[in-house]
Amino acid sequence: MEHQHTTKNNIKTLFLLLTIGVLSITTALGQLKTVAGIVKDSKTKQPIAFATVAVVGAPSAPGNATSTQESGRFSLKFPSNYTKIRVSSIGYDYKDVFVTNDELQQIEILMESQDNTLDEVVVRGKKRKYTNKDNPAVALIRKVIENKSKNRLTGQQYAEYNQYEKISLGLSNLSEKFVNKKIFKNYQFLFELDDSAKTANKYMLPAFMEEKLSKVYYRKDPKKTKQYILGEQRAQFDPKFIDNDGLSAYFNKLYETVDIYDNNITLVTNQFLSPIANSSPTFYKFFITDTIKTQQPWLVELSFFPRNKADMLFKGQLYITLDGNYAVQAANMTVADDINLNFVRDMNIELQFEQDNSKRFYLSQSTLGIDFSLTDKGMGIRGNRTVNYKNYKTGLAQPDSIYEGPETVIAYNLTDGKGTKNLFDTKRQIPLTKNELNIYHNIDTLQQIPSFKSFMDIAALLFSGYKQAGPVEIGPVNTFYSFNPVEGFRLRLGGRTTESLSKRFYAESYAAYGFKDEKWKYFLSGTYAFNNKSVYSFPQHYIRGSFQRDTKIPGQQLEFVQEDNFLLSFKRGENESYIYNDVYRVDYRKEFENHLSIGLGFNATKQSPAGTLIYQITDKNGNAQVFNEINSTELSVNIRYAPNEQFYQGKLYRTPIFNQYPIFNFNYTAGLKDVFNGDYSYHNFNIGAFKRFYLSQLGYADIDVAGTYIAGKGIPFPFLTIHRANQTYAYQLNSYNLMNFLEFVSDHHASANIQYYMNGFLLNKIPVIKMLKLREVFSFKAVYGGLRDENNPENSNQVFDFQKNKDGQQSSYTFGSKPYMEASVGLSNIFKILRVDYVRRLNYLDNPGAPKSGIRARIKFDF
């Protein structure tokens, strides 16, 4: 009996121990711990970049291994039941480090260089030249390239997954002295210690945060990706100061999602060749630096470096599966210091892949961090974008209705802010860091501080030119003073209403006075928004009525600037041909979510020549009839389609954020004779297209083509095409920079404008010069057309004579047997913000006042 009792007790004890053991293991597996630290050379104490840090004994999962950043720092989160990590790096002995079960621990790991073990043996040999031939690393990367199509998303017929993305930005590398300045006394709650800084006692100021939850469907044939946005939230600034949607689009363009299976990866407006691009062995050096057998399948660590350090290429490590699929299981990448990448102080990319049920690896998380700064050591802007993918499924066919319509659809109630917050609290796929959680609250608090409101008001005045004054804003300030030969000294004052007054009705007005011609000019408009939304935001839907009495230069068409901007007062050559315009207009505009827009317009205009401009008809006998004014009445239609267009909406203009998609324009204008005093009947058809072409390592090119045909007889030159000329000293992208105002007129023409930005591909390879980080830029512009006899004053006495200059020489022409052409070669990225071109006019050099060449400059911010 005693034996039985003892046996029972032993069984109970054994069962209890097993139960406790299982519970302990289960608990340990459910808990995570974070090990962070820095890896250094034991002798020099210099940080070791791109060292592999892996959890010993952990199963195959990207989260169980990482690489150190350029600063040598790393952070690894893994189940607490694992107690050892292994650090390895080429040129060093690997090192195993035991860790505790503390939830968060910081460690410093010192690595022994393999050189240190050779004190008594000196081996001298000829340095072996790197070659692709018989190189096992190159053979491996060719296997990866060969299997790309089956390992990437596009290799599936159908795929769907849940996607969560977050992007956060803030001021970085702030010194303690800067943070403690008296001016920031009321803002101390914003600053946080920067754990990722390369030096101690540095702070950061989180300033932007955005999150988005989506359901994404992919279909291979016909190819279509459809994203249903289930919720999004961001830390927003007052929209009267900042276009939050435009800011979001701009940041998302800078921090694009990285797909390593694409041949070219677009980052910060540049294209980088992927290390597994088809041509990557030509541009990269590859080395096998480790074999990881602690995971299944086994992995090969493949390190890669640019052959030319100045090319737009990455460096880092790939982790390739040895299961016959040769898939990328993880990747860590950055860029070389010598690269000609503006304002980018640091860049890090981490990609993690997981296996689905079919044992294929799919992208589970992509992290991109970029630190922008004017200098290597000063204050900057650091941003991080993380995209996480869950519930990846393949082979599930969905109805065609799932894929119909635009690629991105808002699938939630925009007005339900509380519901959106609850959605993120419950469905967020990865947690926010402490500083990310604080951003939402801090931005809301910040905007309640009076001194910050004053700061934003001043900043808006400097950058947009408008000063807030309650329900109206005064400006733009750069037009308050200007001068020209006709008006002399010109003063102007204007303003417009804001959403604070009304979200449906907007008014705008200005008055100007010229002290030489002693005439008042003025403008008044009223706009009604049908969608109860600002007329300056997308999508626009409004009707506007206006009247304007002002001057205009024939043939000058400006973008992103007013004609009476002070800087445009300085012009070359003869500049005394002006028009006094009285214009009554009614415009209707409707924009659709797919970026198709339709515009309808009706205007009645009275033109009076000013300065040296003369409207006259000379008959066969040499008798001249002078016209003091002409009238036109026009009905117009504009259709514009810009698929996937992105832009930043400013106070005056939309600043485009170009991508690879084309932009199409169609315009039709009908001149209505005898309607509201219209003197002429004509039909003007214009069509154009713009596209940016990315050329990988060779930069990118912007190509703009257009054509016009004007039908009608006896049409004077003010209603024909007066080709866009530029007599300022600024380089204008869409004007002919060495053409004079009113120099060329046509009733039919075709044009091409090519701007080619090589991004330093040539200059980066020239010693010393490459240190300046200059970039080559080339352009070519051509236009060719003519005038039919019935509209050419040389063949008809029913239309106005060509213009003459002050010396009595003819100064207006149509095209002869060849197109007008000009070309330029220039340098951009001068002081990181300036483009300077040498422009050469290629023909029509005998025209009076025609410049043969010139130097033109333009402000251009590149990354």
Side-chain angles (χ1 to χ4, degrees), residues 238 240-243 453-501 506-527 534-536 544 546-554 556-572 575-583 585 608 610-611 648-655 726-732 735 741 833 857-859:
D238 190 330
K240 70 182 179 182
F241 297 125
I242 290 178
D243 171 25
K453 291 182 178 180
S454 299
F455 167 78
M456 291 298 290
D457 194 26
I458 296 171
L461 174 64
L462 293 175
F463 288 104
S464 71
Y466 278 93
K467 173 69 175 70
Q468 205 76 27
V472 300
E473 48 190 11
I474 310 300
V477 295
N478 56 8
T479 64
F480 285 174
Y481 164 70
S482 62
F483 57 88
N484 61 68
V486 172
E487 297 176 272
F489 172 43
R490 170 182 166 123
L491 291 179
R492 168 176 153 169
L493 184 64
R496 63 188 186 185
T497 64
T498 67
E499 292 180 78
S500 301
L501 182 67
Y506 295 83
E508 183 175 1
S509 181
Y510 70 77
Y513 184 76
F515 284 82
K516 183 177 179 179
D517 63 359
E518 298 181 343
K519 292 180 181 293
W520 281 98
K521 295 86 183 175
Y522 42 86
F523 171 77
L524 178 65
S525 75
T527 305
S534 170
V535 295
Y536 308 109
R544 173 179 292 154
S546 65
F547 172 74
Q548 182 182 44
R549 171 171 290 175
D550 211 333
T551 59
K552 178 177 175 58
I553 300 175
Q556 176 172 269
Q557 299 180 44
L558 302 174
E559 292 182 349
F560 311 120
V561 69
Q562 292 82 13
E563 292 200 25
D564 51 0
N565 185 301
F566 172 72
L567 295 177
L568 298 185
S569 299
F570 303 93
K571 295 183 174 69
R572 62 169 178 82
N575 173 39
E576 297 183 15
S577 295
Y578 279 73
I579 299 172
Y580 287 116
N581 271 341
D582 283 0
V583 185
R585 291 190 63 90
S608 300
Y648 179 82
Q649 178 69 58
K651 294 277 187 179
L652 288 170
Y653 304 104
R654 288 177 174 176
T655 302
N726 174 30
Q727 289 187 206
T728 72
Y729 295 97
Y731 185 91
Q732 294 181 8
S735 298
F741 295 137
I833 62 169
R858 176 181 182 83
I859 298 295

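This structure is a prediction, so every number in the text was calculated from the model and none was measured.
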May I have the step-by-step check of ring-ring contact (aromatic ring centres under 6.0 Å, His included) for Tyr578 and Tyr580, ending in yes or no?
CA-CA 7 Å; Tyr578 279 73; Tyr580 287 116; 8.5 Å; no
At what distance, to the nearest 0.5 angstrom, does OH of Tyr522 lie from CD of Gln548?
11.0 Å
Should the ring pair Phe483 and Tyr481 be called parallel, tilted or perpendicular, given that the plane angle runs from 0 to 90° and is split at 30 and 60?
tilted
Interatomic spacing from OG in Ser525 to CZ in Phe547 - rounded to 0.5 Å:
12.5 Å
For Ile553 and Asn575, work out which heavy atoms get closest and say how close.
CD1-OD1, 3.9 Å
Return the orientation label for the Tyr506 and Tyr536 ring planes: parallel under 30°, perpendicular over 60°, tilted otherwise.
perpendicular
For Ile474 versus Ala469, what's the shortest heavy-atom pair and its separation?
CG1-CB, 4.5 Å
Knowing that exactly one of Phe515, Tyr513, Phe480 qualifies, which makes a side chain to side chain contact (heavy atoms under 4.5 Å, CB included) with Leu491?
Phe515
State the CZ-CG distance between Arg496 and Leu501, to the nearest 0.5 angstrom.
13.5 Å
Minimal heavy-atom distance between Pro471 and Ser500, with the atoms involved, is CA-CB, 4.0 Å
Nearest-0.5 Å distance that lies between atom OG1 in Thr479 and atom CG in Leu493:
8.5 Å
Criterion salt bridge (Lys or Arg N to Asp or Glu O under 4.0 Å) against Glu487, the qualifying member of Lys519, Lys521, Lys516, Lys552:
Lys521
Tightest non-hydrogen contact, residues Pro554 and Phe741, listed as O-CB, 4.0 Å
Is there a donor-acceptor contact under 3.5 Å linking the side chains of Gln732 and Asn726?
yes
Show your reasoning for whether side chain to side chain contact (heavy atoms under 4.5 Å, CB included) applies to Thr527 and Glu508.
CA-CA 9 Å; Thr527 305; Glu508 183 175 1; over 6 Å; no
How far does OG of Ser735 sit from CD of Gln727, to the nearest 0.5 angstrom?
11.0 Å
Taking C-beta and beyond as the side chain, do Tyr510 and Asp550 meet within less than 4.5 Å on heavy atoms?
yes
Face-on cation placement of Arg492 at Phe523 ring, 6.0 Å and 45° thresholds:
no
